[in-house]
There are 2 protein chains.
Amino acid sequence: MSKNQVSKNLLLISTSTTYGTGYLEHAEEEVKALLAGKSSLLFIPYARPGGISHKDYTAKAREAFEKWGISVTGVHEYDDAVKAVNEAEAVFIGGGNTFVLLRNLYANQLVKPLQERVQKGMPYMGTSAGTNVAGKSIGTTNDMPIVHVKTFDALQLVPFNINPHYQDPVEGSQHMGETRETRIAEFHQHNRQPVVGLREGSMLRITGDKIALKGLLSARVFLQGEKPMEFGPGDDIQFLLEAY
Amino acid sequence: MSKNQVSKNLLLISTSTTYGTGYLEHAEEEVKALLAGKSSLLFIPYARPGGISHKDYTAKAREAFEKWGISVTGVHEYDDAVKAVNEAEAVFIGGGNTFVLLRNLYANQLVKPLQERVQKGMPYMGTSAGTNVAGKSIGTTNDMPIVHVKTFDALQLVPFNINPHYQDPVEGSQHMGETRETRIAEFHQHNRQPVVGLREGSMLRITGDKIALKGLLSARVFLQGEKPMEFGPGDDIQFLLEAY
């Protein structure tokens with residue numbers, strides 16, 4: 001790894017809420033490790049799940065983090081969004097629609113500031129769409145393209161793509177739409193970067209030049225032209241950070 | 001309806017292959033009605049399901065139509081794709097990846113010729129992605145954005161959007177990704193056109209200024225700001241053609 005990546009501090013979560021647990025509950029331990037020593041967080045609510053307002057979405061995040069002693073402000077509360085990112089102790093981008101999210105990151109000129117701050121060690125946390133945009137492109141999102149974006153290039157905080165909410169084929173299903181695996185194979189007809197299928201409850205933790213899979217389940221990793229592979233939480237997945 | 005739409009002749013099919021039937025088999029009766037009096041069909045294989053080649057994909061379509069006495073050529077077999085569309089007796093766009101498909105329709109300058117020919121009565125048939133691009137935009141595709149497209153505006157052969165392979169929420173599922181209904185509600189935060197969720201085995205038949213739902217199942221219709229509605233095969237859905 002090159003030296004300029006050694007201070008990265010990322011937590012990329014598949015889903016904010018697993019079945020039967022509260023908002024961010026399943027990731028509590030990792031969230032606390034990510035934010036150790038910080039007392040505030042800048043929340044970016046642009047993905048607006050279900051069309052929820054920036055204000056209401058931020059209130060939801062605030063409620064979760066306040067229990068952990070972290071104060072939350074929404075980026076929409078600032079006159080100058082770039083300044084807000086530049087001065088943030090840590091950033092959390094929540095889930096929702098990935099196209100709406102990325103479009104707003106570009107519209108508010110936050111792509112470069114986020115890249116620069118993360119490069120210098122500012123903790124970054126994403127769930128779902130917020131995890132998707134941390135990858136090389138949004139080309140493996142599950143979301144509908146409900147607004148147009150001028151490019152699918154994402155924040156590129158990691159050199160691979162992520163497919164959050166990764167789903168295995170449902171046995172006995174009579175549905176004839178493409179499986180997730182088929183869709184990712186189609187992605188690799190046109191793109192070379194690895195894709196990590198993160199199942200519900202899984203997350204990737206990047207600290208400096210190390211990457212680890214957290215949660216209980218294995219992740220499915222797709223490399224162009226190769227058979228899909230499974231890696232468990234203890235396995236060595238360093239090669240993902242060396243993708244280009 | 002305005003007079004210039006009275007000769008339209010479209011068949012928009014959710015899926016090429018339903019569970020337990022062969023390619024296009026479930027739609028045979030409607031396909032034959034669409035193509036009555038025609039002996040050839042131009043196939044547009046751009047969507048390349050699973051990355052299949054244009055040649056192999058066209059061979060698959062050819063096999064199905066030859067049984068019905070219709071000869072098939074692939075648009076890639078012509079030096080001049082625009083001329084091929086302009087001279088076709090009928091056009092069929094097969095499923096696959098909607099982004100790859102629409103990108104190639106624009107790259108080969110086929111959007112306008114297809115619109116003009118359909119307007120003048122040339123039979124048009126689509127399955128899955130080929131049905132999606134017949135709508136106002138591709139904003140309600142289920143596919144991954146594996147290539148970028150300069151606009152999501154589609155062929156606009158009908159004034160609404162279609163969601164092929166429409167799926168109802170799976171009861172008891174522990175998956176936390178958005179349901180199809182949630183995704184379409186998010187679409188309506190940013191777009192006003194109606195969305196028709198076409199379940200597997202369903203199709204829309206447009207003849208002149210009439211539209212009918214075919215197949216055994218009902219379709220789920222989403223209007224901006226209203227509760228989703230169900231319409232069965234015999235129901236009046238004319239309002240869909242009056243959307244704007």
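- Using a 4.5 Å cut-off between heavy atoms, Asp143(A) contacts chain B through both its backbone and its side chain.
- Contact count versus chain A (heavy atoms, under 4.5 Å) is highest, among Gly95(B), Gly139(B), Ala185(B), for Gly139(B).
- Among all heavy-atom pairs drawn from Asn191(B) and Ile146(A), the shortest one is ND2-O, 2.9 Å.
- For Arg48(B), the parts lying near chain A are the backbone and the side chain together; criterion is any non-hydrogen pair under 4.5 Å.
- Heavy atoms of other residues, nucleotides or ligands lying less than 6.0 angstrom from CD of Glu230(A) number more than 12.
- Among the candidates Pro145(A), Gly96(A), Ser128(A), the residue making the largest number of heavy-atom pairs closer than 4.5 Å to chain B is Pro145(A).
- Residues Met144(A) and Asn142(B) share a closest heavy-atom pair of CE-OD1, 4.0 Å.
- The 12-atom threshold is exceeded at CD of Glu66(A), counting heavy atoms of other residues, nucleotides or ligands nearer than 6.0 Å.
- Counting heavy atoms of neighbouring residues, nucleotides and ligands inside a 6.0 Å radius, atom CD of Glu77(B) exceeds 12 of them.
- Considering only heavy-atom pairs separated by less than 4.5 Å from chain B, the leading option among Thr140(A), Thr182(A), Asn163(A) is Thr140(A).
- For chain B, the nearby part of Val100(A) is the side chain; its heavy atoms alone come within less than 4.5 Å.
- Within a 6.0 Å sphere centred on CD of Gln115(A), other residues, nucleotides and ligands contribute more than 12 heavy atoms.
- Judged purely by atom type and a 3.5 angstrom limit, Asn97(B) has no side-chain atom pairing as donor or acceptor with the backbone of Glu186(A).
- Ring geometry for His148(A) against Phe152(B) counts as perpendicular: the plane angle is over 60°, on a 0 to 90° scale with 30° as the lower cut.
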